[in-house]
Amino acid sequence: MIVNTSLATKSEIVNEIKDRKIVCAFHDIDGTHSLIRNWPPVMSRVLYDTAVNGIPDNLMSEENINRLVSLCDTEPLEETDKFCVESAGLSALTQMEWAIRRNQELTNGKFNSETNSKIIELIWKGEEKFESFNEPQEYLDYLSEVTPLLFRVYEQVLNRFCRDINLEKAKKNPEEFLVNGSKEFMKYLHDNGIKNYFVTGAVVDKSVEPPMGMYEEVLGLGFDIGEGKLVEDILGSTWDEKIPKEEVMFRLAKEFNLNGENILVIGDGRSEITAGVKLGAVTISILPEEASRQRELHKELGTNIIIPDYTANDIKDIIK
């Protein structure tokens with residue numbers, strides 16, 4: 001398939017690209033195709049609670065999880081609401097780490113330092129790996145131990161707040177939880193020889209039957225996964241290992257010996273768009289018209305095209 005952004009009439013073209021041959025597409029899932037996870041209010045509450053109060057002794061207890069569920073989406077949380085917008089697409093482990101580090105900063109904790117504050121600033125800017133910084137081993141061990149636990153708590157709160165209910169609804173009526181035109185666009189790419197891959201910062205657990213985590217949601221929405229199918233594969237994070245989406249995408253490109261200019265990247269988060277720009281890929285941002293800050297951010301990141309959904313009447317003229 002050939003991409004030619006000069007043919008656009010309705011889509012917002014940020015950076016024009018002419019005559020690119022596309023052979024492979026990397027798709028984000030949440031917000032880009034799936035609407036099952038209403039994650040921002042859950043993430044905001046869990047991060048706020050951690051930043052302000054730290055890690056409680058009963059972190060993983062039913063009492064604590066139910067408390068957090070009851071508080072989700074009950075009030076505006078200025079800093080963490082904004083952080084969810086800015087950090088969309090980052091690994092959930094990175095987002096959890098931000099809250100733990102922020103607590104040290106807010107409370108002038110044992111591990112508060114200029115380095116800690118610098119890393120907080122870098123996470124706001126989309127960075128995820130900090131091995132080059134010289135931090136106390138005690139602090140690094142603490143982060144390694146506590147961050148995955150907080151991630152598990154977040155997932156349990158998310159499941160109870162919206163994910164499990166929405167997944168069951170999606171199995172009966174997938175269209176209700178798909179971005180408009182999603183599956184038709186995926187099929188359009190597949191029918192024209194494009195291999196589609198889903199990449200996510202959420203957990204993908206293929207070790208159990210049926211598969212759990214994001215894999216289960218993709219199946220629930222009716223996407224066929226496997227070699228030669230609508231979706232070739234879905235790749236994401238684990239409970240304990242932080243694998244930034246950028247790293248997942250670069251690994252895929254290397255594995256299949258793909259030139260970046262022959263890749264299409266589609267997403268609504270900063271990490272996949274940033275990775276796509278670094279790869280030299282064609283990037284499409286899926287952002288509703290009212291998402292003014294996200295649209296501003298994606299323009300700053302260097303995306304090529306912004307569309308509200310896949311029903312934009314010129315998208316097949318651009319990619320044909």
Quiz item: Is any NZ, NE, NH1 or NH2 atom of the basic residue among Glu216 and Arg37 found under 4.0 Å from an Asp or Glu carboxylate oxygen of the other?
Solution: no

Quiz prompt | Heavy-atom side-chain proximity of Glu97 to Phe151 below 4.5 angstrom | solution = no

Practice problem: Identify whether the distance between the nearest side-chain nitrogen and carboxylate oxygen of Arg45 and Asp73 falls below 4.0 Å. | Solution: no

Quiz item: Counting only heavy atoms not in Lys129, do more than 12 fall under 6.0 Å of its NZ?
Solution: yes

Practice problem: Specify whether Trp98 and Trp124 have parallel, tilted or perpendicular ring planes, treating 30° as the upper limit for parallel and 60° as the lower limit for perpendicular. | Solution: perpendicular

Practice problem: With the side chain counted from C-beta on, respond yes when Arg295 and Glu289 share a heavy-atom pair under 4.5 Å apart, and no when they do not. | Solution: yes

Quiz item: Would Glu105 and Arg101 pass as an ion pair if we require N to O under 4.0 Å?
Solution: no

Quiz prompt | Which atom of Val265 lies closest to which atom of Gly276, heavy atoms considered | solution = CG2-CA, 3.9 Å

Exercise. May I ask you to check if Lys183 and Phe223 form a cation-pi contact, with NZ or CZ under 6.0 angstrom from the six-membered ring centre and within 45° of the axis?
Key: yes

Quiz item: Can you find a pair of side-chain heavy atoms, one from Asn196 and one from His190, that are under 4.5 Å apart?
Solution: yes

Quiz prompt | Sub-4.5 Å side-chain heavy-atom contact between Leu106 and Arg102 | solution = yes

Practice problem: Return the minimal non-hydrogen interatomic distance between Glu246 and Thr274, and the atom names on each side. | Solution: OE1-CG2, 4.3 Å

Quiz item: Would you say Val277 and Ile286 are hydrophobically clustered, going by side-chain heavy atoms of ILVMFWY under 4.5 Å?
Solution: no

Quiz item: Taking the side chain as C-beta and beyond, is there a heavy-atom pair between Leu178 and Leu221 under 4.5 Å?
Solution: yes

Exercise. Taking all non-hydrogen atoms of both residues into account, name the closest pair between Asn103 and Thr107 and its distance.
Key: O-OG1, 2.6 Å

Exercise. Would you name the heavy atoms of Gln95 and Leu90 that are closest together and state the gap between them?
Key: OE1-O, 3.9 Å

Quiz item: Between Cys84 and Trp39, which heavy-atom pair has the shortest distance, and what is it?
Solution: O-CH2, 3.4 Å

Exercise. May I ask you to decide whether Glu12 forms a salt bridge with Lys299, counting only side-chain N to carboxylate O separations under 4.0 Å?
Key: yes

